[in-house]
Amino acid sequence: CGATRAVGALLSFDVARSLALNPVPLLLGAFWLAVVAFEAAQALGGTNRPFRWLVPCVVAVLACAVVFCVLCNTGVLPPLQ
């Protein structure tokens with residue numbers, strides 16, 4: 001599967017190849033790191049403001065992933081190498 005190959009390339013620090021194979025795992029990983037960093041800052045005494053933009057960001061990332069999958073599987077996007 002393209003996502004598995006993309007994660008393998010990312011673990012080899014080959015970001016360009018990972019993006020060429022499948023950009024979704026890289027984007028989801030970056031979003032996950034942002035959430036972890038925010039939660040760590042909150043745990044270490046950050047402000048008590050709610051994480052208001054989390055839900056819209058999650059919806060946007062999931063929407064992008066769904067659109068990407070649909071476009072790849074319908075033949076609109078060229079096959080990823």
**Message:** To the closest 0.5 Å, what do you measure between OG1 (Thr4) and CG (Leu21)?
**Reply:** 10.5 Å
**Prompt:** Taking only residues two or more places apart in sequence or in another chain, which ones pass side chain to side chain contact (heavy atoms under 4.5 Å, CB included) with Val66?
**Reply:** Val70
**Message:** So which atom in Ala6 and which in Ser18 form the shortest heavy-atom distance, rounded to 0.1 Å?
**Reply:** O-OG, 3.1 Å
**Item:** Contacts of type side chain to side chain contact (heavy atoms under 4.5 Å, CB included), residue Leu28, not counting sequence neighbours
**Value:** Val24, Val61
